[in-house]
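Notes follow once the structure below has been shown.
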Protein chains: 2
Amino acid sequence: MPLEIKPSQALRLWRQVHLDLVRDGQADLSARQTAILLTVYLELPPHTVRGLAQQLGVTKPVITRALDTLGKLGLLTRKRDEQDRRNVVIQRTVAGALAVERLADLVTERAREAGGG
Amino acid sequence: MPLEIKPSQALRLWRQVHLDLVRDGQADLSARQTAILLTVYLELPPHTVRGLAQQLGVTKPVITRALDTLGKLGLLTRKRDEQDRRNVVIQRTVAGALAVERLADLVTERAREAGGG
DNA sequence: GGCTAATGATACGGGTCCGTAACGATCGGA
DNA sequence: TCCGATCGTTACGGACCCGTATCATTAGCC
């Protein structure tokens, strides 16, 4: 069941949600950080720095730094992989799950309002 | 006609579009910059620094700096208001209009794919 | 043990952005 | 003309992020 949405609706939705995020005083995440956060919470674990770098098409330091920031915000954590101690596994947190859930509700609600255009 | 979308669909859509933006090597815009850009292109002119600051709930320097960056990227321009030379009018550009249009298409297409979940 | 390969983190110089405060330019009315 | 109000911008010290190159640690294999 495809999701029917017109370009004008899409833009209104995109704008309104971003306005909400800014006004709610949420952390001003960049597109990269948002992509990382949602990938960790939507895709099946395990998530590694290298894997994320490949998925986003960016270098590893970009991921490391984004994880620093997102970790500082409490949205996710890192843990050594005990099977292969070279790896670091990125894990979800309660605060991160709440933030993602809040975003989902925000988009859903704004989508309802953005109808008919 | 409201836009029916489930939270899980909303999140998949949000993630996929952000992934596309990152992978396409677009400028890594923050939520604030995106909100400003779309406001200028969706709302009726004229747009001023003060007006944008009020709409976003941020201070004026935040808008000035965002306009510096977005202007450097060619996504919009500033012009003195000749009626009241204290004011600066933010104007759209061809490159900006194209970028916004591309975003609209991106969201629309990904929405189609994000259906059924 | 010694080698290579792979992982994630760090160093570096440079750019951007933050919030607060101050600034110059401009308007409008006394 | 002068003076307060308003506009957008800039200064400041500090924090974050960039891309490239390099690093220490670990794994796996001989």
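Any value given below was found using the heavy atoms of this structure, including those in side chains, with hydrogens, waters and symmetry copies removed. Residue numbers start from 1 in every chain, and the chains themselves are labelled A, B, ... in the order their sequence lines are given, proteins ahead of strands.
Toward the 5' end of DNA chain C, the nearer of the two residues Asn87(A) and Asp68(A), judged by each one's closest nucleotide, is Asn87(A). The residue among Asp28(B) and Val49(B) whose nearest nucleotide of DNA chain D lies closer to the 5′ end is Val49(B).
Taking atom CD1 on Ile63(B) and atom C1' on dT6(D), their separation rounds to 17 Å, with Å as the unit. For the pair Leu29(A) CG and dC17(D) P, the interatomic distance rounds to 10 Å; values are reported in whole Å. Residue Lys72(B) contributes atom NZ, which lies 14 Å from atom C1' of dC18(D) at whole-angstrom precision. The nearest whole Å value for the distance from the NZ atom in Lys79(B) to the P atom in dT9(D) is 15 Å. Counting to the nearest Å, the P atom of dG19(C) and the CG atom of Leu56(B) are 12 Å from each other. Distance Gln91(B) CD to dG8(D) P: 14 Å, rounded to the nearest Å. A straight line from CG of Leu67(B) to C1' of dG8(D) spans 10 Å, rounded to a whole angstrom. One can place CD of Gln33(B) at 18 Å from P of dG15(C), the figure rounded to the nearest angstrom.
Checking the phosphate oxygens (OP1, OP2) of dA9(C), a side-chain nitrogen or oxygen of Thr64(A) falls inside 4.0 Å. For dG8(C), the OP1/OP2 oxygens have a side-chain nitrogen or oxygen of Thr48(A) closer than 4.0 Å. In terms of phosphate contacts, Arg32(A) brings a side-chain nitrogen or oxygen within less than 4.0 Å of OP1 or OP2 of dG19(D).
Using a 4.0 Å heavy-atom cutoff across all strands shown, Ser30(B) reaches no nucleic acid atom at all. Base engagement by Arg65(B) is indicated by at least one non-hydrogen atom pair under 4.0 Å involving a base atom.
Here Asp20(B) does not pair with Arg102(B) in a salt bridge; the nearest charged N to carboxylate O distance is not below 4.0 Å. For the pair Glu4(A) and Arg112(B), the salt-bridge criterion is not met [side-chain N within less than 4.0 Å of a carboxylate O]. A salt bridge between Glu113(B) and Arg110(B) is present, with a side-chain N of the basic residue lying under 4.0 Å from a carboxylate O of the acidic one.
The closest side-chain heavy-atom distance from Thr69(A) to Gln33(A) is below 4.5 Å. Two residues are said to be in side-chain contact when any heavy atoms from C-beta on lie closer than 4.5 Å; Leu76(A) and Gln91(A) fail this criterion.
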Table of protein N/O atoms under 3.5 Å from nucleotides 21-30 of chain C N/O atoms:
unit_1: dC27(C); atom_1: OP1; unit_2: Arg85(B); atom_2: N; d: 3.2

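Residues Asp28(A) and Ser30(B) bring a donor and an acceptor atom of their side chains to less than 3.5 Å of each other.
More than 12 heavy atoms of other residues, nucleotides or ligands sit less than 6.0 Å from atom CD of Glu82(A).
Nearest to the side chain of Arg50(A), among dC16(D), dA9(C), dT7(C), sits dT7(C).
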